[in-house]
Amino acid sequence: MEQQNYQYNESPSYVQQGAVSKRFFGNVFLWMFVALALSSVSAYFLASSPVILQYLIGEKGFTILGYIAIFAPVGLVFLMGSAMNRLSYPALIGVFLLYSILTGVMLSFILLIYATTSIAICFLAACAIFGVMAVMGYTTNVDLSKFGPILMAGVIGLIIISVVNMFLQSDSLGYILGFIGVAIFTALTAYKVQEIKRIGQGLDEEGNTISTEDSNKLALMGALSLYITFINLFLSLLRIFGDRR
């Protein structure tokens, strides 16, 4: 009886299944870490440069340049969100890097208010919380999308109350907002990571129907979303546990 040999040939689609998703997810976190590094260097450099700071903070408070440094990142976020499809990938990278640097300028003002030890402890705590929730968001089988509208409504409410408190100058209200912020941005981390994971899985299913440039743009926007969530988590922890100078 003749022995027949069967050879199993893996199809390219089988071998590459999940490769696009993993690469996309890796790019998201790579760009997030780049943004954090740029912001950290920018914040430290500016906080250590009194000569430059005097152009941003005068005797009566923030100068015009200071207000521009505070509000410019908000405008850049809207620019990236609204013009993502019109901007080329290199242009989107440029806006993203500029946003990271200007956010570092804004954070340098925080370094002047809080003690260095408090900043370091809160930053490490934010990293730990973010890491745990990112893993949970990536591995959980629970659909977190239903919590999205609730969390976004919480973010909007937090922003409105924070703006009001800028005029009230209530330390008690700021302390309470810190706890609310930690709760919202902790949950938002898991929600956003799961959302990014699903976008990556969608890219796997679409195959070659989406261009590499569009995929890279989506990764950059995902990094921006996670970066903003992390920064707000860090600032919320500072509101609670930060010791002022």
Task: Gly137 versus Val193, closest heavy-atom pair with distance - done: C-CG1, 4.2 Å

Task: Interatomic spacing from OG1 in Thr186 to CD1 in Ile129 - rounded to 0.5 Å - done: 5.0 Å

Task: N/O donor-acceptor pair under 3.5 Å between Thr63 side chain and Tyr55 backbone - done: yes

Task: Test side-chain contact (heavy atoms from CB on, under 4.5 Å) applied to Leu224 and Trp31, step by step - done: CA-CA 8 Å; Leu224 175 67; Trp31 280 116; over 6 Å; no

Open item on the list: So does Leu38 get a backbone contact from the side chain of Ser42, meaning a donor-acceptor N/O pair under 3.5 Å?
Closed with: no

Open item on the list: Show every ring pair (Phe, Tyr, Trp, His ring centres under 6.0 Å) that has at least one partner inside residues 212-232, sequence neighbours left out.
Closed with: Tyr99-Tyr227, Phe123-Phe230, Phe130-Phe230

Task: Val34 reachable from Leu102 in the ILVMFWY side-chain graph, under 4.5 Å edges - done: yes

Task: Straight-line distance of Ile93 CD1 to Leu87 CG, nearest 0.5 Å - done: 11.5 Å

- [ ] Would you check if the side chain of Asn165 reaches a backbone N or O of Ile161 as a donor-acceptor pair within less than 3.5 Å?
- [x] no

Task: Met80 vs Val77 side-chain heavy atoms within contact, under 4.5 Å - done: no

TODO: Measure the CD-CG distance between Gln54 and Leu65 for me, rounded to the nearest 0.5 Å.
DONE: 11.5 Å

TODO: Taking the side chain as every heavy atom from C-beta outward, state whether Ile121 and Phe241 have any pair of such atoms under 4.5 Å apart.
DONE: no

Task: Residue pair Ser225 / Lys192, side-chain donor-acceptor N/O under 3.5 Å - done: yes

Task: Check against side-chain contact (heavy atoms from CB on, under 4.5 Å), Asn232 and Leu158 - done: CA-CA 11 Å; Asn232 280 285; Leu158 187 66; over 6 Å; no

Task: Nearest heavy atoms of Gly222 and Ile196, plus distance in Å - done: O-CD1, 3.7 Å

Open item on the list: Can you tell me how far apart CZ (Phe96) and CG (Leu220) are? Round to the nearest 0.5 Å.
Closed with: 5.0 Å

Open item on the list: Would you say that more than 12 heavy atoms from the other residues, nucleotides or ligands in this model lie under 6.0 Å from the CZ of Phe45, or not?
Closed with: no

- [ ] Of all the heavy-atom pairs spanning Leu238 and Ser118, show the shortest one and how long it is.
- [x] CD2-O, 4.1 Å

Open item on the list: Counting only heavy atoms not in Met84 (residues, nucleotides, ligands), do more than 12 fall under 6.0 Å from its CE?
Closed with: yes

- [ ] Dump the intermediate steps for side-chain contact (heavy atoms from CB on, under 4.5 Å) on Ser88 and Glu213, then the final yes or no.
- [x] CA-CA 8 Å; Ser88 65; Glu213 179 168 348; 4.1 Å; yes

Open item on the list: So which atom in Ala223 and which in Val28 form the shortest heavy-atom distance, rounded to 0.1 Å?
Closed with: CB-O, 3.2 Å

Open item on the list: Rounded at 0.5 Å granularity, tell me how far CD1 in Ile110 sits from CD1 in Ile119.
Closed with: 8.0 Å

Open item on the list: Membership question, hydrophobic clusters at under 4.5 Å side-chain separation (ILVMFWY): are Ile184 and Met152 in the same one?
Closed with: yes

Open item on the list: Side-chain heavy atoms nearer than 4.5 Å, only ILVMFWY residues, links allowed to pass through others: does that put Leu124 and Tyr44 together?
Closed with: no

- [ ] Measure the acute angle between the ring planes of Phe33 and Phe29, then classify it against the limits of 30° and 60° as parallel, tilted or perpendicular.
- [x] tilted

- [ ] Using a 4.5 Å cut-off on heavy atoms from C-beta on, say whether the side chain of Asn27 contacts that of Arg23.
- [x] yes

Task: Hydrophobic cluster membership, Leu226 vs Val135, 4.5 Å side-chain cutoff - done: no

TODO: Answer whether the closest heavy-atom distance between the side chains of Met136 and Leu144 falls below 4.5 Å.
DONE: no

- [ ] Flag the pair Ile231 / Leu36 as yes when at least one side-chain heavy-atom distance between them is below 4.5 Å, and no otherwise.
- [x] yes

TODO: Quick one: closest heavy-atom pair of Leu53 and Ser108, and the distance?
DONE: CD2-OG, 4.5 Å

Task: Rounded distance [0.5 Å steps], OG1 in Thr139 versus CD in Gln194 - done: 9.5 Å

TODO: Under the side-chain contact (heavy atoms from CB on, under 4.5 Å) rule, what do Tyr175 and Ile240 come out as? Steps first, then yes or no, please.
DONE: CA-CA 6 Å; Tyr175 191 70; Ile240 302 170; 3.9 Å; yes

Open item on the list: Around atom CG of Asp171, are there more than 12 heavy atoms from other residues, nucleotides or ligands closer than 6.0 Å?
Closed with: no

- [ ] Answer with yes or no whether the hydrophobic clustering places Ile150 together with Met133; edges join I, L, V, M, F, W, Y residues whose side-chain heavy atoms lie under 4.5 Å apart.
- [x] no

TODO: Specify the closest pair of heavy atoms between Phe24 and Gly200, including all atoms of both residues, with the distance to one decimal.
DONE: CD2-CA, 3.6 Å

Task: N/O donor-acceptor pair under 3.5 Å between Thr229 side chain and Phe185 backbone - done: no

